[in-house]
Protein chains: 2
Amino acid sequence: MTVTIKDVARLANVAPSTVSRVIADSPRISEETKQKVKDAMEQLGYHPNLNARNLASKSTQTIGLVMPSSKDVGFQNPFFPTVLQGISEGAQEKNYALHMTTGKSEKEILEAVIHMVQGRRVDGVVLLTSRVEDQVVSYLRTRKFPFVLIGKPYKDIEEITHVDNDNVRAMKEATDYLIQLGHQQIAFIGGTKELIVTVDRQDGYEKALQEADIPVKGEYIVHEEFLREGGQEAVRELMALKKPPTALVVADDFMALGVLNTLDELGIRVPDDISIVSFNNVLLAEMAKPPLTSVDINIFELGYQASKNLIQLVENEKEPTKRLIISHRLVERSSCTELNTARIGKDLI
Amino acid sequence: MTVTIKDVARLANVAPSTVSRVIADSPRISEETKQKVKDAMEQLGYHPNLNARNLASKSTQTIGLVMPSSKDVGFQNPFFPTVLQGISEGAQEKNYALHMTTGKSEKEILEAVIHMVQGRRVDGVVLLTSRVEDQVVSYLRTRKFPFVLIGKPYKDIEEITHVDNDNVRAMKEATDYLIQLGHQQIAFIGGTKELIVTVDRQDGYEKALQEADIPVKGEYIVHEEFLREGGQEAVRELMALKKPPTALVVADDFMALGVLNTLDELGIRVPDDISIVSFNNVLLAEMAKPPLTSVDINIFELGYQASKNLIQLVENEKEPTKRLIISHRLVERSSCTELNTARIGKDLI
DNA sequence: TTGAAAGCGCTAACAA
DNA sequence: TTGTTAGCGCTTTCAA
């Protein structure tokens, strides 16, 4: 029924091992027999059984993907399809396949990872999230199993290959941009502090202020726990301050969309009344009203480098630990404006 | 180094096959030895090698996922993360793993599918898209390989297990809703006609009009090829008609966001000047300005039923072909309003 | 350059 | 209820 290497060998009049060599494109085989074998494979419609191959060769040519908990609303974020594309591209280039794990809780995810690692289904793993205390990370480290992290490790940075943006700098630049436009009252809206990316971006925000001698105020820093309801409240409070911000840096486009909404309900116009710089530059940023000035963090590249470097790690034991920093750039659209002191002056006259 | 079934057998003083039976949780084994074996496994930290198991048992307990071309902008659509969650949940419940394929072109995708099917990496396949002439579908059919399609097959409907919404009815209801609000000039904005879902939704739109004795006008039907630029133009043309529509049905939330944008640029207010009903009800619909009235098509359930039924198909040869219709419901928000004939009257006076 | 043969780690008859 | 014994389809020494 199924055609095996033996069938091919018989038809080509060679030994099974020869066929195997042809498949592996071994150099020490004559062009002649190589062709003979290829013809036979063609004729029989032969396809190698990857399970058998994996078993014998102890390698799978597939990389495992660890997604964030599917309970996370963040899962809906267009960030994920985009990294996935990048990862997929990097994998395809080296003929690696992709194996996915998900789960509703951290516990389920860890179990799924163990299953796929111990079950020898994958040669390496890409982690799509880095939480503060990540059990998956510690598991992989103690097993010395190859993995790369997208984002920044919470600890042991020097020992974990990861691909990340320079989020501190990126956010500093975004904030600087607003400062240059004349803004002084700039608020920060980010996600949960459990995500390292949030911490980094907040850092950058604070750095920019400090450098410009603008005091960092606690009431100007907001962490939206939920993408939606939570955010509304926070933005309202922010705008209800005696001295409301004239500009906002938001750590994610998706969040920014929610912010935009709330502002609209409050009758606050963007950018006329308030400026916004957001992050990630997904398609959404372009489609928002107004189109958002956003920091492009090159999501695709993040994924691409992750799988590419994971494969290097898998194929070469000696590969050094790496830290890959993907470039970013501010994409200007219509959500920011100069703080028009002239106009304010005029109004006062 | 690696602990195998033999090591466990030796430690537990039984035969390897006995260990294998314990793993499979065979009923005909004494509680006593079962426990003995389990202890041994625990003690040695044993984990079955899935490749070996797959090879011997000729089954993989994993299902393959065929994603749409990563070139598609549609890939960015939040639809995908959400179906993925559903698929993943259905798979986890039965302890199936997920194997992904993607590709930049139809050709690459087909190759990837062949590789994973012939390579015996998966027991069945879920197709996330149904194009008009789908090579993947024909390939799987001729190989008699189990698969289920999310969406509606282009042909041989009776012979392909698929899970879909009743898109015709759903769109008819959406259109009826607008008609009941007094609208007569209703335009349709959909994606490429290559997607069967577009065709169905357009059908439902036309049916609703016909039933209400409203003529179907060609200039009221628009197919946006691209999510962004293309759409802008189309919407402009639509609104430039001598008799512009007073309401829009849009086949996708993401698209609707773009439409909303263009309308805003044109100074047309929603819902005051024009009403919009959109489709899919992803998070975006809620976050748009104004929040979109959208038809919830239960994306998660689409995925969940797909993997659940695929597994049934895989585990039972005799499983009949099925057509699963997932329910939908109109979620009212703020993008529609009654066509105020009174006001129009007033304006005329 | 090629072949013979011994596994890879597991499952599944068939026996006992 | 348990053990024996062939494989599953491939890779990879080792020998020729």
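Computed from a predicted structure; not experimentally measured. Proteins come first, then strands; the chains are lettered A, B, ... in the order of their sequence lines, and each starts at number 1.
- Between A/Asp123 and A/Tyr96 there is a side-chain heavy-atom pair separated by less than 4.5 Å.
- Side chains of A/Lys94 and A/Gln61: a donor-acceptor N/O pair is absent below 3.5 angstrom, by distance only.
- Inspection of the A/Ser30 and A/Thr33 side chains reveals an N or O donor paired with an N or O acceptor under 3.5 Å.
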Protein-to-nucleotide contact annotation, 5' to 3' order, nucleotides 6-16 of chain D [B base; S sugar-phosphate only; - none; under 4.0 Å, heavy atom]
-BBBBBBB---
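- Distance B/Gln35 CD to D/dT1 P: 16 Å, rounded to the nearest Å.
- Spacing between atom NZ of B/Lys34 and atom P of D/dT1 amounts to 10 Å, rounded to whole angstrom units.
- Proximity of B/Thr62 to B/Leu98: side-chain heavy atoms (C-beta onward) are nowhere separated by under 4.5 Å.
- Between B/Thr33 and D/dT1 there is no side-chain polar atom (N or O) within less than 4.0 angstrom of OP1 or OP2.
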Table please: side-chain donor-acceptor pairs of residues 34-47 of chain A below 3.5 Å, with sequence neighbours left out.
residue: A/Lys34; atom: NZ; partner: A/Asp25; partner atom: OD1; Å: 3.4
residue: A/Gln35; atom: NE2; partner: A/Asp39; partner atom: OD1; Å: 3.2

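- For B/Asp7 and C/dC10, the CG to C1' distance is 13 Å, given to the nearest whole Å.
- Summarising the geometry, the separation between CD on A/Glu32 and C1' on C/dT2 is reported as 12 Å, rounded to the nearest angstrom.
- Counting only N and O atoms by type, the side chains of A/Gln85 and A/Tyr304 include no donor and acceptor under 3.5 Å apart.
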